[in-house]
Amino acid sequence: MVRPELDQSYSNNGRRGVPKCCSYKRTTVIICSINIVVALYVFQNLYTSLYSYSYQHSRTAVTYTPDQIKKMEESMRIRKQSEPRKLIEIVKNIKQKLDRREDMVELPQPLKEKLSNEIIELLRGLNSGANTTLQHEAVERWRRQKLKEAKRVTRGKASNSSILPAEAGMLAKALEFNWAELSNDIGLWIPVNVINNVHDDKPEGEHDFDDILAGQRLPPECNVELHTDYGGHAVKWGLTHHKESAYECCQACLNQAKNARPDEMKCNIWVYCPAEEGCHSPDIYQHKLEECWLKYAEEPKVTFKDTYSENYRRNHPNAPMVVPWVSGVISS
């Protein structure tokens, strides 16, 4: 009786059989079902969490009144206006210059020397009276012609050009985009031509010394004479008597004559040095700016007027051409 039961647990080939309740197909279905249930559970938790956060966030969201919104907009406008626009613009310009400098082509030194020599010959060919404006125009015409020639060489259309094909491309780029840097490299600098128009709007008969002498206008009794030096006996030694202007020097002469004692000489000549480099005199002293000499002479005589003579300057090599002193004889 035991034998048949044992035989039923084996298959026809003699191996033990797998019970039908634990087949592979059924096991696969069960595992997939479990995975689906777990996935649904996870999705449900995520959805619940997001919905809960959204609900809480909507409840805690801040609402602003129109007045608060207006203030925030005003604050944003003020902050935008307070931006350092000039500084930002300067930084942008510096960045552009640096970018251009990075793109700048460095020409070989022989080519730079060649360009420099051509410009020198060009400027030498101009008239001796050519001003800086004409020089600028001549150099600009040369640059344009040279640029046109270099571009033709790069395209292979200029067989008789002095520009080498290997240098044509970089030369064209330098002449078109980096002309300022190239001018600096080859030492080309032409100053700007400044034209000063002098407008003489003085009334007729007005003296010119107001434009030269500093300080207040001198009164008529001072009888000021530009580029004039008078002789006479010294009432006040100018080496130690300085005044800030010719007006003050003349006033000192008037005051001395007014307050002088009967036994003293009264000033009737004043001599002032208005030159910053000092004033020349044939004596042994160095006369400096703002020296004020008060003098007396019964018959005042001019020592030097307008310019020193050629004979005087030969004997005094340090003498300037124009007499620097300003003088005057007080009216009685």
Side-chain angles (χ1 to χ4, degrees), residues 1-109 111 147 150-157 164-182 184-185:
M1 296 294 293
V2 177
R3 183 76 176 177
E5 293 179 358
L6 293 172
D7 294 340
Q8 293 176 1
S9 62
Y10 292 86
S11 62
N12 294 332
N13 58 6
R15 295 183 181 179
R16 187 177 180 88
V18 179
K20 294 182 178 180
C21 63
C22 296
S23 64
Y24 291 110
K25 183 177 181 180
R26 187 171 296 178
T27 301
T28 303
V29 172
I30 292 171
I31 292 173
C32 290
S33 301
I34 294 172
N35 289 337
I36 291 172
V37 171
V38 171
L40 292 173
Y41 178 75
V42 172
F43 287 146
Q44 182 182 7
N45 288 339
L46 288 174
Y47 177 76
T48 304
S49 175
L50 290 173
Y51 177 77
S52 175
Y53 174 78
S54 173
Y55 177 72
Q56 292 178 1
H57 181 70
S58 63
R59 292 185 61 185
T60 58
V62 179
T63 57
Y64 297 99
T65 63
D67 185 52
Q68 291 175 328
I69 295 174
K70 185 177 180 181
K71 289 182 178 179
M72 286 189 290
E73 292 176 350
E74 182 69 14
S75 176
M76 293 174 63
R77 185 184 63 81
I78 294 173
R79 185 168 62 251
K80 188 174 181 180
Q81 289 180 351
S82 62
E83 290 179 355
R85 296 182 181 178
K86 291 185 178 180
L87 179 60
I88 294 173
E89 191 67 25
I90 292 173
V91 172
K92 287 182 179 179
N93 293 334
I94 293 174
K95 187 176 183 301
Q96 291 176 357
K97 290 181 180 179
L98 291 176
D99 293 340
R100 286 198 300 268
R101 187 170 291 275
E102 290 177 358
D103 297 336
M104 187 175 65
V105 178
E106 184 65 24
L107 299 180
Q109 188 61 31
L111 180 57
L147 175 60
K151 287 184 176 180
R152 291 181 61 189
V153 172
T154 57
R155 294 193 295 265
K157 296 182 179 180
L164 299 178
E167 300 173 345
M170 64 177 69
L171 177 59
K173 189 174 182 180
L175 290 173
E176 186 171 7
F177 301 107
N178 305 116
W179 173 238
E181 291 80 2
L182 178 59
N184 186 51
D185 289 343

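Only a predicted model underlies this, so the values are computations on that prediction, with no experimental measurement involved. We count residues from 1, following the sequence as given.
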Roughly how far apart are Leu87 CG and Ile94 CD1, rounded to 0.5 Å?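 Reported to 0.5 Å precision, the distance equals 8.5 Å.
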Holding to salt bridge (Lys or Arg N to Asp or Glu O under 4.0 Å), I want the full list of residues that pass it with Lys71, two or more places apart in sequence or in another chain.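 Partners of Lys71 under the salt bridge (Lys or Arg N to Asp or Glu O under 4.0 Å) test: Asp67.
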Does Arg77 have any salt bridge (Lys or Arg N to Asp or Glu O under 4.0 Å) partners at least two apart in sequence or in another chain, and if so, which?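 Once residues adjacent in sequence are excluded, the partners of Arg77 under the salt bridge (Lys or Arg N to Asp or Glu O under 4.0 Å) criterion are Glu74.
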State, to 0.1 Å, how close [X] and [Y] come at their nearest heavy-atom pair, and which atoms those are.
{"X": "Leu147", "Y": "Leu175", "result": "N-CD1, 3.7 Å"}
{"X": "Pro165", "Y": "Val153", "result": "CA-CG1, 3.8 Å"}
{"X": "Thr154", "Y": "Gly169", "result": "CG2-N, 3.5 Å"}

By side chain to side chain contact (heavy atoms under 4.5 Å, CB included) - contacts of Ile31 (at least two apart):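 Per chain and number, Ile31 pairs via side chain to side chain contact (heavy atoms under 4.5 Å, CB included) with Thr27, Asn35.
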Run the side chain to side chain contact (heavy atoms under 4.5 Å, CB included) test against Ile69 and tell me which residues pass, sequence neighbours left out.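 Ile69 satisfies side chain to side chain contact (heavy atoms under 4.5 Å, CB included) with Tyr64, Met72, Glu73 once adjacent residues are dropped.
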Report the C-alpha separation of Lys86 and Glu89 in whole Å, then their side-chain angles, then the decisive distance to 0.1 Å, and conclude whether the side-chain contact (heavy atoms from CB on, under 4.5 Å) test is met. CA-CA 5 Å; Lys86 291 185 178 180; Glu89 191 67 25; 5.6 Å; no
